[in-house]
Amino acid sequence: MSEFAAPRGMRDFYPEDWRAREALFSTWRQTAERYGFEGWDSPVVETMELLERKAGEEISEQIYGFEDKSGRRLALRPELTPSLARMIIARQGSLVFPLKWSAIGQCFRYERMTRGRKREHYQWNLDIVGEESIMAEAEVIGAAVCALRSLGLNETQFKVRVGSRAVLSELFAKSGIGKEHFMACCLALDKRGKITEEDVASLLTGEGLTPVDIERVFELLAIRSIDHVAERLGDDSPAIGQLRELFALADTLGFGDYLTFDLGVIRGLGYYTGIVFEAFDTAGKFRAIFGGGRYDSLLKVLGGERMPSVGLGFGDVVVQELLADLGIVPGGNRKIDYAIGYMTADCRALAMQAAMKIRAKGHSCDLGLSPEKAKKFFGRADKLGAEKAIYIGPSEAESEKFNVKTMAGGETAEKTIDQLI
RNA sequence: GUGGGUGUAGCUCAGUUGGUUAGAGCGCCAGGUUGUGGCCCUGGAGGCCGUGGGUUCAAGUCCCAUCACCCACCCCA
């Protein structure tokens, strides 16, 4: 074994890994195109200021930061959204909104590794910027669901949990719990099902909540349906209306079966303002497959005009692990249209002619790099996943005819060079 | 960051209370078939037993340290 390995948390892609990755990227790109998103890209390196400003000071320890030779503070991007916001703000006056943008980018994060989490990964971002209506959420989620379905997953294998920070906020206000406790309550809700109620309670006590408050939080923990929320907030609550609208739109768009209401989805970080969502495998074995939400104030925070926006991040690691667990291999096995081999150097010229003819017609063709025995060649053609194999020996070189063998069935057909394709 | 587990061939793993030359399956290479793959048979190559120290007549095996990976917790895009 070599003393060198990829740096911790960084991944090598050998050809089979690369095939799976490209198949996933291809699904992402096709889906984005199908839903009318435009592609974009930006540098992997960003200024530290942009990333810090959005994330806050604390997270900077998780950023791969460095100084360039003139002392500029730079960093490998941990996600795509700050770059997106930067690009949009730079042309906010000339871009036509709403816009729908899609990107696949490599992102870095310095942190402890666990399953489904590396220090480097690719993330598919879908964003709709400049749209107030819930149609933005519906289209973004619908596209991500579509991508997962294209990969071979169905509604028994994953669900999208939908929550709303606006609803939570209203609930807490209604229950008389101070705004300063909002994040602590969110964290407690997030722990639901993971730790005991006593532990949740002590957690909240530690945050300075009174026993009465804690009791109220536990009441909120019990809420499992939008109707129950509506009973508390009243039907005129705008946040409730938005949630109901999203579920209705999802039904009409045909992915309602994938959505479930879950107040516990809060997406930790501060910039989400409305509906938030996360997709999980039904078996509960993996981390979130994708997640996102509405962030109406991010552009303003970064110095632009306020602009209602919805975004989604979809990483490559968890979905590949989930697919592998279900026996699905994106990209499948190695495949090539033709393999060509030859017995001696004298036969090579004809083999080259055939290869160039096939390639000119747009088919893939592996041409043997050196003479090889028939047995070795056909074994190699098999491993290449060749659909057809052509082996050229002295008699073919003499007659200028090709025996084209179909690998699957084993039958051969004799062809001239003009009949090859 | 805390706790537990695992490091032996390219891969998955055996390896007895410490005892001679460290094994299997798969993969790879060659031959069986000097012009035809998959199946079968035969043979072959390939090991600093993670790394460093220690105990011992003797260490893959026991002890200590260290590194890497896995799982759970913690934290969280």
Side-chain angles (χ1 to χ4, degrees), chain A residues 1-11 14 16 51 54-56 58-64 77-82 105 107-125 183 186-187 190-191 194-196 199 203 265-272 276-279 285-293 295 311-318 321 333 339-344 347 368 371-399 402-412:
Chain A
M1 191 192 289
S2 162
E3 67 176 297
F4 295 112
R8 191 166 164 71
M10 306 293 173
R11 297 174 294 164
Y14 288 86
E16 63 196 53
L51 305 172
K54 196 210 106 187
E58 193 200 352
I59 205 169
S60 58
E61 283 193 9
Q62 290 195 339
I63 292 179
Y64 272 99
R77 62 184 176 197
E79 56 168 329
L80 297 172
T81 311
C107 300
F108 299 83
R109 184 170 293 245
Y110 189 87
E111 63 183 341
R112 243 184 318 288
M113 292 172 53
T114 58
R115 184 172 200 189
R117 201 150 192 193
K118 315 281 182 196
R119 288 181 175 176
E120 160 266 321
H121 72 143
Y122 288 89
Q123 189 170 308
W124 180 35
N125 243 55
M183 278 315 292
C186 285
L187 285 175
D190 195 41
K191 298 279 190 302
K194 289 182 185 171
I195 60 180
T196 65
D199 290 336
L203 206 72
V265 175
I266 55 160
R267 301 287 296 158
L269 223 65
Y271 63 84
Y272 288 115
V276 287
F277 51 87
E278 283 180 338
K285 290 171 73 172
F286 300 95
R287 293 170 171 278
I289 305 165
F290 65 77
Y295 53 94
L312 169 149
F314 189 150
D316 69 323
V317 178
V318 172
E321 286 179 351
N333 295 322
I340 299 182
Y342 43 93
M343 192 184 301
T344 66
C347 306
E372 53 197 334
K373 289 187 193 175
K375 180 176 174 136
K376 181 163 183 176
F377 165 71
F378 283 100
R380 202 166 58 77
D382 190 44
K383 288 193 195 79
L384 286 169
E387 188 186 329
K388 294 179 189 299
I390 300 170
Y391 185 67
I392 296 167
S395 65
E396 286 86 358
E398 174 77 22
S399 67
F402 303 94
N403 284 315
V404 181
K405 177 169 180 170
T406 303
M407 294 298 282
E411 68 274 13
T412 62

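Letters go in sequence order (proteins before strands), and every chain restarts at 1.
Nucleic acid contact for A:R77: none, since no nucleic acid atom lies under 4.0 Å from a heavy atom of the residue. Within 4.0 Å of A:S395, counting heavy atoms only, lies at least one base atom of the nucleic acid. The residue A:P78 sits apart from the nucleic acid: no heavy atom pair falls under 4.0 Å. Base engagement by A:G393 is indicated by at least one non-hydrogen atom pair under 4.0 Å involving a base atom. If you check every strand for non-hydrogen atoms under 4.0 Å, A:G291 touches nothing.
In this structure, A:E278 places its CD atom 10 Å from C1' of B:A77, rounding to the nearest Å. Note: CZ (A:F377) to P (B:U33) measures 23 Å, nearest angstrom. Separating the CD atom of A:E372 from the P atom of B:G37 is a distance of 13 Å, rounded to the nearest angstrom.
Between the side chains of A:D316 and A:Q123, no donor-acceptor pair is found at a separation under 3.5 Å.
Contact annotation: A:K373 side-chain N/O to B:U33 OP1/OP2 distance is not under 4.0 Å. Of the side-chain N and O atoms in A:K376, one or more sit less than 4.0 angstrom from OP1 or OP2 of B:A30.
For RNA chain B, each stem of at least three Watson-Crick or G-U pairs (distances under 3.5 Å) is given as range with range: B:1-7 with B:67-73, B:10-13 with B:23-26, B:28-32 with B:40-44, B:50-54 with B:62-66.
A cation-pi arrangement is found for A:K405 relative to A:F378, the charged atom lying closer than 6.0 Å to the ring centre and inside a 45° cone about the ring normal. Taking the ring axis of A:Y110 as reference, the NZ or CZ atom of A:R119 stays within 45° of it and closer than 6.0 Å to the ring centre.
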